[in-house]
Amino acid sequence: MHHNMISNTVRTPVTLLLFLLFSFGTGTAQSTFQKYFQISTDSLSEGFCVAGFQDSTIAVGGQMAQNLVSGNVDAVVFRLDGQGNKLWTLRLGDPATDESISDMEALIDGDLLVSYISYSDNALIFSTIVRISSAGSVVWSKRITDNTDIFGVHITTVAGGFILDGFSNSGNSTALFKIDAQGNSLWSKTYFGIALGNNGVAQDKNGNIHLAGRSNGQGAWAVVKNADGSFVNSLTYNSANILSFEIVNAVQSDSMLLVGTDFTNNFVLLKTDLNGMPGSFARYGYGTSTLFPIGVHSSGNGDFAMSVYQQGGADQAGMMANFSTQLSPRWAKTYTSNNGNVGYFLDMDVTPKGYVLSGTYRLFGKERSLLVQTDYNGDIKGKCCPRTITLNKTITTIQTGESGLDEGQVPQLENLTVTGQLINADPMDVCPTPERINVADTLLCPGLCTTILLGGSIPGTNYNWSLSGGEPDTSMAVNPGKVCYNNIGVFPIRVYSESCLLDSTAIPIRNEPDFFPNAFSPNGDNANDFFKPTITCPFDDYRLQIFNRWGDLIFETFDLKPGWDGSANGQAAPVDVYIYRVEFYAVRNGVRTLVFNDMKEVTLIR
């Protein structure tokens with residue numbers, strides 16, 4: 001699921017590691033951040049993969065070198081909290097070889113599965129699978145053994161374990177493994193006739209494993225059984241210029257989504273049934289850019305978000321789009337820095353906060369690793385906000401062809417001792433957005449006012465405020481100051497600069513529940529000696545009446561403060577159940593209204 005476009009080839013260490021994160025927050029609980037990590041001022045690194053966890057933490061993996069002339073490249077994993085702060089940084093690898101991470105998969109318990117390749121002089125030695133604990137220690141490690149090199153091992157969670165898939169350096173073949181959570185091999189296969197894409201494995205509702213890739217210059221699809229990897233069916237797809245499929249995803253219970261590329265620099269979307277029979281099919285492009293799909297996350301109802309590697313063209317930047325079940329785009333956006341630096345995405349995942357995307361970003365003349373966190377609408381806060389674009393759609397036809405898969409030599413897993421090294425890598429801001437909304441009150445009653453200020457404002461910056469439900473409801477001032485609210489509701493407060501949302505929060509305007517005790521004890525112990533309601537919001541024309549069980553009025557007041565002291569006609573009233581009546585008026589939704597007029601019981605205890 002966290003498969004990247006470039007992990008299938010050995011990479012040369014040419015970049016300083018930079019993690020740029022756009023996250024979301026409100027007021028003081030700010031979670032929008034843009035940061036990079038460097039081991040030292042001379043270190044170089046790339047980040048290829050991203051994994052999001054249910055606790056909103058993030059892991060990013062790639063490769064790093066101490067400097068340009070060190071000659072040694074290590075695999076590296078960074079773990080961040082939901083605010084973009086470092087939890088730990090782990091270096092993997094042998095000083096005698098070079099390493100690069102191919103894929104990562106977040107586990108439900110907070111651990112991480114990582115695959116990386118080891119190579120020397122650009123020749124692959126072996127691929128390694130490591131389970132890393134949430135604290136950054138190696139739990140177990142395995143390596144793949146075979147007579148042929150297995151590149152770019154990717155990891156997909158399925159029922160009963162994980163599918164590992166990689167392609168052989170020897171040709172048009174794919175190696176598949178199923179392992180359990182302890183790294184034990186459940187089955188393994190090698191299939192000739194299909195080379196999988198970078199997100200080319202998914203499980204359907206019946207438990208079968210769908211494969212997507214290429215075969216002899218055509219898009220290819222196959223199904224194998226989860227129980228033992230045995231072959232079920234396969235097809236090829238022919239249409240004008242189709243090259244390969246890179247992604248397969250179970251977008252609905254009865255359909256699969258195949259995403260691929262063609263020879264015209266576009267990406268293609270194909271929905272099939274569970275038997276591979278084609279349904280909706282569309283092709284999308286954007287100007288003269290080359291578009292390469294690298295990740296899909298589906299909602300389960302047919303809608304899905306897709307991240308795209310964009311290269312070339314006049315507007316080179318990271319790209320993400322959201323599509324309906326009919327394969328029509330709901331939105332498409334590009335992401336770059338506020339100084340127009342070029343960047344692109346290489347991997348995608350999801351957290352409870354939204355989507356996380358990693359990639360490469362050119363800054364100060366060097367490529368640096370990029371990480372963007374958006375909400376579920378693809379939006380980010382800060383000066384590096386996305387730009388909405390329009391994709392060009394072409395509708396074409398598609399035909400299927402028969403194909404088959406041949407089995408080859410079965411690869412194996414063997415134990416391997418890997419010891420990781422925790423290293424220091426502190427985050428630093430890259431595209432800082434210091435502005436933070438400060439609201440004097442966190443809760444207001446209707447008809448009241450609060451003061452709204454902007455912390456961290458930058459002189460000379462033009463700010464634009466949206467104060468929905470307030471008076472005023474907009475402002476061009478740096479600090480809007482006094483803002484009044486007359487209606488009940490939760491009203492958003494947003495501040496923009498040059499169409500970029502810098503920060504947002506919301507203020508609730510409501511009546512806190514008025515509290516009416518059902519008992520009191522007027523015994524002089526200074527605890528519950530008086531009966532009176534607690535009314536939280538402003539009111540007027542208040543009246544409290546107390547009646548005994550025969551309906552006689554024994555107490556009345558028009559002032560909330562004193563309350564009833566448990567006496568009647570100057571004498572202590574007996575222990576009993578009494579009836580009280582309370583009525584008062586207040587401004588609700590801008591109108592003076594009788595908001596309470598009711599009779600209830602209260603028990604006097606001595």
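The shown structure was predicted, so the numbers you read here are calculated from the model rather than taken from an experiment.
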Exercise. Out of curiosity, Y309 OH to T261 OG1, how far, rounded to the nearest 0.5 Å?
Worked result: 12.5 Å

For this session: Evaluate the side chain to side chain contact (heavy atoms under 4.5 Å, CB included) criterion for residues L164 and L176: first the C-alpha distance (whole Å), next the side-chain angles of each, then the deciding distance (0.1 Å), finally the verdict.
Result: CA-CA 6 Å; L164 312 179; L176 291 178; over 6 Å; no

Exercise. Should K353 and D375 count as an ion pair when the cut-off is N to O under 4.0 Å?
Worked result: no

For this session: Step through it carefully: locate the ring centre of F345, locate the ring centre of Y335, and say whether they are under 6.0 Å apart.
Result: yes

For this session: With sequence neighbours left out, write down each residue that passes ring pair (Phe, Tyr, Trp, His ring centres under 6.0 Å) with F323, or none if nothing qualifies.
Result: Y284, F304

Problem set entry | P293 versus F267, closest heavy-atom pair with distance | CD-CB, 3.8 Å

For this session: Mind checking side chain to side chain donor-acceptor pair (under 3.5 Å) for N206 and listing every partner two or more places apart, or none if nothing turns up?
Result: none

Exercise. Strictly by modelled atom types, are H210 and D204 linked by a side-chain donor-acceptor pair under 3.5 Å?
Worked result: yes

Problem set entry | Distance (rounded to the nearest 0.5 Å) between H154 NE2 and S115 OG | 6.5 Å

Problem set entry | OG1-NZ distance between T374 and K333, expressed to the nearest 0.5 angstrom | 8.0 Å

Exercise. Looking at residues at least two apart in the chain, or sitting in another chain, which of them share a side chain to side chain contact (heavy atoms under 4.5 Å, CB included) with A332?
Worked result: A321, I389, L391

Problem set entry | M306 side chain near M320 side chain, heavy-atom distance below 4.5 Å | no

Exercise. What are the two closest heavy atoms between T397 and F281, and how far apart are they?
Worked result: O-CE2, 3.8 Å

Problem set entry | M319 vs L291, side chain to side chain contact (heavy atoms under 4.5 Å, CB included): CA-CA, chis, key distance, verdict | CA-CA 9 Å; M319 180 185 296; L291 304 182; 3.9 Å; yes

Exercise. Are F245 and Y237 an aromatic pair by the rule of ring centers under 6.0 Å?
Worked result: yes

Exercise. Less than 4.5 Å apart, any side-chain heavy atom of V259 and any of V268?
Worked result: no

Exercise. Under a 4.5 Å cut-off applied to non-hydrogen side-chain atoms, are T89 and V77 in contact?
Worked result: no

Seminar exercise, completed: dist S234:OG -> I194:CD1 (nearest 0.5 Å) comes out at 7.5 Å

For this session: Taking only Lys NZ, Arg NE, NH1 and NH2, and the carboxylate oxygens of Asp or Glu, determine whether R143 and E414 approach each other closer than 4.0 Å.
Result: yes

Exercise. About how many Å separate CG of N226 and CD1 of I163, when rounded to the nearest 0.5 Å?
Worked result: 5.5 Å

Problem set entry | Heavy-atom side-chain proximity of S127 to V153 below 4.5 angstrom | yes

Exercise. Would one find more than 12 heavy atoms of other residues, nucleotides or ligands at under 6.0 Å from atom CD of Q421?
Worked result: yes

Problem set entry | salt bridge (Lys or Arg N to Asp or Glu O under 4.0 Å) partners of E402, counting only residues at least two apart | none

Problem set entry | Modelled atom types, side-chain donor and acceptor of Q326 and S328, under 3.5 Å | no

For this session: Please assess V201 against L196 for the test side chain to side chain contact (heavy atoms under 4.5 Å, CB included), listing each intermediate value before the final yes or no.
Result: CA-CA 8 Å; V201 176; L196 294 191; 3.8 Å; yes

Exercise. With sequence neighbours left out, what residues match R131 under salt bridge (Lys or Arg N to Asp or Glu O under 4.0 Å)?
Worked result: D109, D111

Problem set entry | Heavy-atom pair of closest approach, residues C49 and S358 | C-OG, 3.8 Å

Exercise. Under a 4.5 Å cut-off applied to non-hydrogen side-chain atoms, are V418 and W140 in contact?
Worked result: no

Exercise. Do we see a donor-acceptor contact under 3.5 Å between the side chains of S298 and N249?
Worked result: yes

For this session: Output all residues satisfying side chain to side chain donor-acceptor pair (under 3.5 Å) with K271, sequence neighbours left out; order by chain, then residue number.
Result: Q252, T325

For this session: Write down the atom of S289, the atom of Q310, and the distance for their closest heavy-atom approach.
Result: OG-OE1, 2.9 Å

Problem set entry | Name of the residue among L270, L235, L211 meeting side chain to side chain contact (heavy atoms under 4.5 Å, CB included) with W221 | L235

Seminar exercise, completed: Minimal heavy-atom distance between R79 and S134, with the atoms involved, is NH1-CA, 3.9 Å

Seminar exercise, completed: The side chain to side chain donor-acceptor pair (under 3.5 Å) partners of S185 (sequence neighbours excluded) come to none

For this session: Could I get the full list of salt bridge (Lys or Arg N to Asp or Glu O under 4.0 Å) partners for K225, not counting sequence neighbours?
Result: none

Exercise. Hey, mind stepping through M277 and T272 against side chain to side chain contact (heavy atoms under 4.5 Å, CB included) and telling me if it holds?
Worked result: CA-CA 5 Å; M277 291 295 100; T272 74; 5.8 Å; no

Seminar exercise, completed: Between I247 and A212 the two heavy atoms that sit nearest each other are O-CB, 4.0 Å

Exercise. Would K189 count as a cation-pi partner of W187, with NZ or CZ less than 6.0 Å from the six-membered ring centre and within 45° of the ring normal?
Worked result: no

Problem set entry | Test item: side-chain donor near acceptor, Q311 and T290, under 3.5 Å | no

Exercise. Is the shortest heavy-atom distance from the side chain of V73 to the side chain of S100 under 4.5 Å?
Worked result: no

Exercise. With sequence neighbours excluded, what pairs up with Y376 under the ring pair (Phe, Tyr, Trp, His ring centres under 6.0 Å) test?
Worked result: Y355

Problem set entry | Non-neighbouring partners of D55 that pass side chain to side chain contact (heavy atoms under 4.5 Å, CB included), sequence neighbours left out | F53, T57

Exercise. Are the side chains of L92 and V76 in touch, meaning some heavy atoms are under 4.5 Å apart?
Worked result: no

Exercise. Do the side chain of E105 and the main chain of V114 share a donor and acceptor less than 3.5 angstrom apart?
Worked result: no

Problem set entry | salt bridge (Lys or Arg N to Asp or Glu O under 4.0 Å) against D303, all qualifying residues, sequence neighbours excluded | R330

Exercise. Side chains of M348 and V50: closer than 4.5 Å at any heavy-atom pair?
Worked result: no

For this session: Could you tell me the separation between the CD1 atom of I117 and the OG1 atom of T128, rounded to the nearest 0.5 Å?
Result: 10.0 Å

Problem set entry | Side-chain donor/acceptor of N199 to backbone N/O of I294, under 3.5 Å | yes

Exercise. Applying salt bridge (Lys or Arg N to Asp or Glu O under 4.0 Å), which residue pairs with at least one partner in residues 173-188 are found, sequence neighbours left out?
Worked result: none

